[in-house]
Amino acid sequence: MSVAIKVRFAPSPTGFLHIGGVRTALFNWLFAKNHGGKFVLRIEDTDLSRSTEESIEEILESMRWLGLDWDEGPFRQTERQEIYSKKVEQLLSAGKAYHCYCTPEELDRKRSEAQKAGNKPKYDGTCRERSDSPEGAPSVVRFKAPIEGTVVVEDLLRGKVIFDIAELDDLILQRTDGTPTYNFVVVVDDSEMDITHVIRGDDHLSNTPRQCLLYDALDYPRPKFTHISMILGQDKSRLSKRHGATSALVYRDMGYLPDAMINYLARLGWSHGDQEIFSREELIKYFSFDSVHTSAAVFDADKLSWLNEHYIKSTPPEELVPHLEPHLIKTGVLEKDHGLSLQEIARVIPCLNERAKTLVEMAEKSAFFFKKEVEFDEKARSKFLTEEARPLLEKMIAGFSTLDDFSAESIESLFKKIVEEEGMKLGKLAQPVRVALTGTTVSPGIYDVILLLGKEETLKRLQNVV
RNA sequence: GUCCCCAUCGUCUAGCCUGGCCCAGGACACCGGCCUUUCACGCCGGCGACGCGGGUUCGAAUCCCGCUGGGGACGCCA
């Protein structure tokens, strides 16, 4: 029996939840679920000046929207200050950390000088062996790192990654204001929370040797590390707003389904043979780092869109309604207090779900069904609701009026009959009817529209235009 | 600049670990056709890749080295 697996997703609340972050969260979540382990959510808010409550809310909302539920947390590092202070003390008294009185300005200067000279811009160790403590001078606490040797990071995906300790420097553990910094808290928290696997973005790989040294200094066992590749934009640079939407919630607002987003992101770097479509259950069942590969992936909005279309088509109408409704309201198709039941809204979905790439599109296209008054497209009206069309529409009205059995079959045969009598193509009749009923030349199949509207409403709309 | 990671169609990827089944398979996009009451859906077909150079080997997309290219890190950010 193996030790229970425990992973975490640890975003910093300095903005919206980025889709790159979502994928990291997803891989953690899948790994945990696959192993029957635990998934912890931890908010890394040690940077007081950049962290915001709104951002935390947005992150939580994004996670909930995506269905990435967590077993523990959300923990907030600002609430764990005591633990960090204790650990800093521990290192200080063990001689594994020291106070540094260098000012940010001095450090900046040295950094840019080193950079200019072509050297690695690392701390020069000015205060490392300092024994005095200037009265009242602000200080940070630095880690007294080993100065030579190598650190071997064992990465689940990349194997052994070897770093020369000489490349590293004495990182700051605690700021002047007493708050801890990232590389330190991440080690303390991951240890204190018994995280067994640290799964995070590639961009953290070069932080890992420093963290390993901290694990050692604190006498913590190292967790297993897994660095997944990053997501790139079209031009292969780091994915950013320049490339389009990167916020999870923006995709929700654009009418994407969480299932589509999850499926898409899961396939970025991970695969299971040639399979493209995965239910959550399948994702959980099949997910393994054995089939995750390490090269960066370009975000492809077209493929996401294809998956979204797929899920719009295949999600049962009544399950789709909760996702669609907000868009119906936002696009003004329905009033906020429309009073319609889930079933009533769901009625329109079957004839629209093969014609909408997003829920926003679906909402817009369903206006003909939900709006009391037909809104006419002028071009459509002048092209199809002509004098020649009038007798056809009148015939249609007469036909419908006497139709007792209002079904797809009877509607179709009525159309066929008129077309035959008039000796014309179906399109000649269908288009005017379509415009009369929906106001536009583009709509679901005309029989579907009529069926959906019902006999009474159909007659009303036809009468309205003759 | 230094260090680290990465490298199969335009894009996501299978294959690579355990060389031959691969003159490289699937998907998205694109192009053409079919279906058709509009718009879509769907179906059929097409285009299209092992970055380059050296090895190793009877044989390399698969193993090794170099180069090139891309990405990341080098903060009192995370």
Side-chain angles (χ1 to χ4, degrees), chain A residues 10-14 44-47 49-51 100 102-104 107-108 111 114-122 138-142 153 155 157-158 161-164 166-169 171-177 179-183 185-186 200-209 227 229-230 232 234-238 264 267-277 290-291 293-307 309 313 352-357 365 380 384 412 415 419 425-431 433-435 438 440-447:
Chain A
S12 66
T14 53
E44 310 240 318
D45 58 350
T46 59
D47 185 346
S49 59
R50 297 203 308 156
S51 300
C100 169
C102 297
T103 64
L107 295 170
D108 275 348
R111 226 187 324 269
Q115 202 122 27
K116 226 180 288 168
N119 296 321
K120 185 141 184 139
K122 46 181 267 191
S139 71
V140 298
V141 175
R142 278 187 192 272
V153 175
D155 188 281
L157 288 176
R158 297 158 208 271
V161 183
I162 301 164
F163 293 85
D164 189 340
E167 291 294 326
L168 278 22
D169 64 358
L171 78 222
I172 292 173
L173 307 177
Q174 192 178 71
R175 302 183 181 93
T176 313
D177 67 2
T179 57
T181 59
Y182 168 71
N183 280 111
V185 274
V186 80
R200 72 221 320 189
D202 210 353
D203 48 337
H204 288 283
L205 183 54
S206 41
N207 284 324
T208 310
H227 290 92
S229 64
M230 313 203 62
L232 272 26
Q234 253 63 39
D235 60 357
K236 306 248 183 179
S237 69
R238 194 176 188 147
Y264 176 70
R267 280 286 286 103
L268 230 44
W270 172 80
S271 61
H272 181 70
D274 286 335
Q275 191 172 341
E276 296 286 351
I277 307 290
D290 291 342
S291 33
H293 77 175
T294 44
S295 53
V298 173
F299 182 80
D300 181 8
D302 283 334
K303 190 152 184 186
L304 206 211
S305 178
W306 171 72
L307 280 161
E309 290 170 54
K313 274 182 285 201
L352 248 25
N353 64 179
E354 291 192 343
R355 293 160 215 271
K357 289 183 190 301
K365 289 183 171 175
F384 291 103
E412 183 173 351
F415 270 80
V419 163
K425 296 262 250 174
L426 184 51
K428 284 282 179 199
L429 175 62
Q431 280 307 76
V433 173
R434 189 187 313 281
V435 175
T438 69
T440 73
T441 55
V442 176
S443 84
I446 194 65
Y447 308 141

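Numbers restart at 1 for each chain; the letters A, B, ... are given by sequence-line order, proteins then strands.
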Is [X] salt-bridged to [Y], going by a charged N under 4.0 Å from an acidic O?
| X | Y | value |
| --- | --- | --- |
| D202(A) | R238(A) | no |
| K303(A) | E276(A) | yes |
| E354(A) | K313(A) | no |
| D45(A) | R50(A) | no |

Separation of the [atom1] atoms in [N] and [M], to the nearest angstrom:
| N | M | atom1 | answer |
| --- | --- | --- | --- |
| A49(B) | A7(B) | C1' | 12 Å |
| C74(B) | A14(B) | C1' | 37 Å |
| C44(B) | C67(B) | C1' | 45 Å |
| C5(B) | C65(B) | P | 12 Å |
| G26(B) | C9(B) | C1' | 12 Å |
| G59(B) | C63(B) | C1' | 13 Å |

Any donor-acceptor pair under 3.5 Å linking the side chain of [X] with the backbone of [Y]?
| X | Y | answer |
| --- | --- | --- |
| R434(A) | P444(A) | yes |
| S305(A) | A301(A) | no |
| T438(A) | T440(A) | yes |
| R111(A) | A114(A) | no |
| S139(A) | C100(A) | no |

For the side chain of [X], starting at C-beta, report the closest nucleotide among [options].
| X | options | answer |
| --- | --- | --- |
| V298(A) | C76(B), C12(B), A40(B) | C12(B) |
| A430(A) | A78(B), U37(B), C41(B) | U37(B) |
| R355(A) | C12(B), U38(B), C41(B) | U38(B) |
| E354(A) | C76(B), U38(B), C41(B) | C41(B) |
| A297(A) | U13(B), A40(B), U37(B) | U13(B) |

Enumerate the protein-to-nucleotides 21-28 of chain B contacts in which both atoms are nitrogen or oxygen and the separation is below 3.5 Å.
unit_1: G25(B); atom_1: N2; unit_2: D274(A); atom_2: OD1; d: 2.8
unit_1: G26(B); atom_1: N2; unit_2: E276(A); atom_2: OE2; d: 3.0
unit_1: A27(B); atom_1: O4'; unit_2: E276(A); atom_2: OE2; d: 3.4
unit_1: C28(B); atom_1: OP1; unit_2: W306(A); atom_2: NE1; d: 3.4
unit_1: C28(B); atom_1: O2'; unit_2: K303(A); atom_2: N; d: 3.4

Reckon [X] has a side-chain N or O less than 4.0 Å from the OP1 or OP2 of [N]?
| X | N | answer |
| --- | --- | --- |
| H293(A) | U13(B) | yes |
| S271(A) | A14(B) | yes |
| T46(A) | A78(B) | yes |

Heavy-atom neighbours of K122(A) NZ exceed 12 at 6.0 Å: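 Correct, the count exceeds 12.
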
Syn/anti label of C64(B) as read from its glycosidic torsion, with the cut at 90° from 0: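 Because its glycosidic torsion lies more than 90° from 0, C64(B) adopts the anti conformation.
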
Dump the pairs, protein N or O against N or O of nucleotides 2-4 of chain B, anything under 3.5 Å, distances to one decimal.
unit_1: U2(B); atom_1: O2'; unit_2: E167(A); atom_2: OE1; d: 3.1
unit_1: U2(B); atom_1: O2'; unit_2: E167(A); atom_2: OE2; d: 3.3
unit_1: U2(B); atom_1: O2; unit_2: K120(A); atom_2: NZ; d: 3.3
unit_1: C3(B); atom_1: O4'; unit_2: E167(A); atom_2: OE1; d: 3.3

Nearest-nucleotide comparison on RNA chain B, the residue closer to the 5′ end among H204(A) and Q431(A):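 Result: Q431(A).
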
Residue whose closest nucleotide on RNA chain B lies nearer the 5' end, H272(A) versus L426(A):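 That would be H272(A).
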
What nitrogen or oxygen pairs link the protein and nucleotides 63-71 of chain B at under 3.5 Å?
none

For [N], what is the paired nucleotide under Watson-Crick or G-U wobble rules, both distances under 3.5 Å?
| N | value |
| --- | --- |
| A49(B) | none |
| U2(B) | A73(B) |
| C35(B) | none |

Nearest atoms (heavy-atom pairs only) where H227(A) meets D155(A):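 Shortest heavy-atom contact: ND1-OD2, 2.8 Å.
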
Partner residues of F415(A) under the ring-ring contact (aromatic ring centres under 6.0 Å, His included) criterion, sequence neighbours left out: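 Counting only residues at least two positions away or on another chain, F415(A) forms a ring-ring contact (aromatic ring centres under 6.0 Å, His included) with Y447(A).
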
Side chain to side chain contact (heavy atoms under 4.5 Å, CB included) involving S206(A) - partner list, sequence neighbours excluded: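 Once residues adjacent in sequence are excluded, S206(A) has no partner under the side chain to side chain contact (heavy atoms under 4.5 Å, CB included) criterion.
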
Working for side chain to side chain donor-acceptor pair (under 3.5 Å), residues S271(A) and H293(A): CA-CA 9 Å; S271(A) 61; H293(A) 77 175; over 6 Å; no

H204(A) and Y182(A) aromatic ring geometry - parallel, tilted or perpendicular at 30°/60° bounds: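 Taking H204(A) first and then Y182(A), their aromatic rings sit tilted (interplane angle of 30° to 60°).
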
Touch class at under 4.0 angstrom, heavy-atom based, for S295(A) against every strand present: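 The answer is sugar-phosphate, as S295(A) gets under 4.0 Å only of primed atoms, P, OP1 or OP2.
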
Sugar-phosphate, base or nothing in reach of R158(A), heavy atoms under 4.0 Å: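 The residue R158(A) makes sugar-phosphate contact but no base contact.
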
Identify the pairs formed between an N or O of the protein and an N or O of nucleotides 45-47 of chain B at a distance under 3.5 Å, and give each distance.
none

